[in-house]
Amino acid sequence: MSTFPSPIVSRLPEVGTTIFTVMSALANEYGAINLSQGFPDFDCPALLLDRVIHHMKAGHNQYAPMTGVAPLREAIAEKVKNLYGHTYDPQNEITVTAGATQAIYTAVAAMVHPGDEVIVFEPVYDSYVPAIQLAGGKPVYVRLKFPDYHIDWEEVAALVSPRTRMIMINTPHNPTGSVFSAADMEALIKIVAGTDIVIVSDEVYEHIVFDGLRHESVARYPELAERSFIISSFGKTYHVTGWKIGYCLAPKELMVEFRKAHQFIVFTCNTAVQFGLADFMQEKSHYLELSAFYQQKRDFFLKAIKGSRFTPLPSSGTYFQLLRYDEITEESDADFAKRMTRDAGVASIPISAFYRDREDNQVVRFCFAKGEKTLLEGAARLCQI
């Protein structure tokens with residue numbers, strides 16, 4: 001019997017195991033094709049591995065600087081300037097992080113005080129709200145409009161209050177695959193003008209945008225960049241999600257606060273991997289070709305399920321495809337996703353998991369960052385449902 005003096009009062013009483021862990025565990029249990037969790041089943045470029053191994057053998061195996069190794073921060077600055085026209089100082093305005101999730105948490109921890117309000121858009125990626133709550137903040141929810149998941153900016157403006165400290169955006173958006181337009185960014189500029197609101201812009205899928213659309217990075221808009229933490233991920237870009245390396249961009253005044261928290265949350269990241277990424281970024285063609293690479297996979301998957309009873313919703317970015325199943329069953333999306341995993345051998349993610357009230361539009365999410373053999377087999381099983 002426990003001798004602990006009193007029951008533990010959880011800081012996150014409503015949080016359990018993430019849906020990604022749950023569905024991946026089910027996929028493993030039933031030997032299902034795992035199209036749920038967002039990771040590729042193919043390897044990263046061989047040159048990147050070669051450069052990381054080179055730096056390990058060269059002795060880069062001790063702590064990196066807290067902010068990240070200089071060559072990588074310089075390479076990030078060059079990329080951002082070339083793509084979005086905004087100059088970030090590698091010394092004072094770029095920090096390498098242990099993945100995007102850590103960067104998001106750090107930005108919230110650094111800026112949100114108890115009682116502050118933070119606007120989020122749901123379906124909302126599952127790490128955002130716990131970060132706000134652990135900081136003592138209050139999440140304020142704006143619901144994306146089904147079925148194309150667009151934003152009603154008048155609704156956002158109406159929710160801004162004197163206690164609004166932060167707005168968290170995500171484009172391209174996980175889990176829906178929607179992307180912000182220039183009009184969205186202009187609407188956001190009007191809302192934050194004349195306020196002290198800071199923005200966290202989750203742009204981890206910045207290089208995966210389809211059908212000729214342009215990624216509308218906050219870095220393109222000076223009025224937003226001056227008040228924003230922009231977060232991206234090497235894992236998504238270079239097919240190395242397990243390395244957990246990302247970065248944060250912010251003007252110096254914000255980055256000073258970010259680094260205060262960063263040094264005590266994680267301090268620094270894998271040194272040899274950072275040097276290897278810096279070397280590989282000199283080969284610029286990889287991320288410039290990523291949209292076409294994943295659009296081909298999206299189109300391949302959609303063609304393969306064309307004879308099924310699923311209805312695809314638009315995917316304009318990320319490596320996720322939403323499928324509506326209302327013509328198949330009236331089951332909840334959580335029950336349907338579990339049954340598909342068990343009986344059909346394909347794992348997906350129920351979108352209701354990203355809503356606080358578990359809104360259910362009978363939609364499940366599939367990851368198409370897989371080889372063609374995996375996608376064909378998964379699609380064949382879906383067509384049998």
Side-chain angles (χ1 to χ4, degrees), residues 20 24 37-83 88-107 127 174 202-208 229-250 255 258-259 261-290 293-294 318-319 367 369-370:
F20 307 107
S24 286
Q37 198 167 359
F39 59 83
D41 69 352
F42 44 85
D43 211 347
C44 65
L47 176 60
L48 176 55
L49 288 177
D50 289 343
R51 297 315 301 163
V52 171
I53 293 168
H54 164 80
H55 286 288
M56 287 180 174
K57 291 181 175 179
H60 291 138
N61 299 304
Q62 307 309 320
Y63 292 127
M66 181 266 287
T67 57
V69 303
L72 183 55
R73 286 182 282 119
E74 290 164 1
I76 294 167
E78 181 182 5
K79 184 193 82 164
V80 172
K81 183 176 182 180
N82 290 339
L83 290 179
Y88 284 92
D89 173 16
Q91 181 66 27
N92 297 305
E93 298 182 326
I94 300 174
T95 300
V96 180
T97 63
T101 300
Q102 182 249 309
I104 291 165
Y105 181 84
T106 303
S127 75
N174 179 13
D202 178 353
E203 302 183 17
V204 300
Y205 296 100
E206 61 177 316
H207 301 302
I208 310 176
F229 297 94
I230 300 174
I231 291 158
S232 194
S233 164
F234 291 111
K236 302 296 189 295
T237 300
Y238 296 128
H239 322 312
V240 287
T241 60
W243 290 4
K244 295 299 294 179
I245 301 288
Y247 60 87
C248 179
L249 312 169
M255 188 57 76
F258 181 95
R259 289 175 174 177
H262 171 78
Q263 65 185 332
F264 297 117
I265 292 172
V266 70
F267 185 69
T268 192
C269 309
N270 187 294
T271 306
V273 168
Q274 289 191 57
F275 278 111
L277 285 165
D279 289 352
F280 189 72
M281 286 183 74
Q282 302 308 311
E283 172 52 58
K284 299 181 178 63
S285 63
H286 178 84
Y287 59 77
L288 294 177
E289 297 168 356
L290 210 56
F293 175 78
Y294 277 119
T318 74
Y319 42 55
C367 174
K370 310 294 179 182

Which pairs with one or both residues in residues 233-246 pass side-chain hydrogen bond (donor to acceptor under 3.5 Å, both in side chains), sequence neighbours excluded? His239-Tyr294
Mind checking the CZ-CD1 spacing from Phe234 to Ile76? Nearest 0.5 Å is all I need. 4.0 Å
Interatomic distance, Phe293 atom CZ to Ile208 atom CD1 [nearest 0.5 angstrom]: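 Here the rounded value is 9.5 Å.
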Check side chain to side chain donor-acceptor pair (under 3.5 Å) between [X] and all other residues, then give those that pass, not counting sequence neighbours.
X: Gln37; value: Ser24
X: Thr106; value: Gln102
X: Glu206; value: Lys79, Tyr84, Ser232, Tyr247
X: Asn270; value: none

Got a sec, which pairs hit salt bridge (charged side-chain N to carboxylate O under 4.0 Å, His left out) with one end in residues 51-70, sequence neighbours left out? Arg51-Asp279
If you compare all heavy atoms of [X] against all heavy atoms of [Y], which two are closest, and at what distance to 0.1 Å?
X: Arg73; Y: Val96; result: CG-CG2, 4.1 Å
X: Ala64; Y: Thr271; result: N-OG1, 3.1 Å
X: Leu48; Y: Gly276; result: CD1-O, 3.8 Å

My understanding is that only residues two or more places apart in sequence, or in another chain, count here; which of them pass ring-ring contact (aromatic ring centres under 6.0 Å, His included) with Tyr205?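 Here the qualifying residues are Tyr319, Phe320.
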Just jot down the salt bridge (Lys or Arg N to Asp or Glu O under 4.0 Å) partners of Glu289, sequence neighbours excluded, or say none.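 Here no residue qualifies.
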Please name all residues satisfying side chain to side chain contact (heavy atoms under 4.5 Å, CB included) with [X], sequence neighbours left out, ordered by chain then number.
X: Met66; value: Arg259, His262, Gln263, Phe267
X: Glu74; value: Ala70, Pro90
X: Glu283; value: Ser285
X: Asp89; value: Gln91, Asn92, Glu93

Enclosure of Tyr63 OH (heavy-atom neighbours >12, cutoff 6.0 Å):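 No, OH of Tyr63 has 12 or fewer neighbouring heavy atoms, counting only those of other groups under 6.0 Å.
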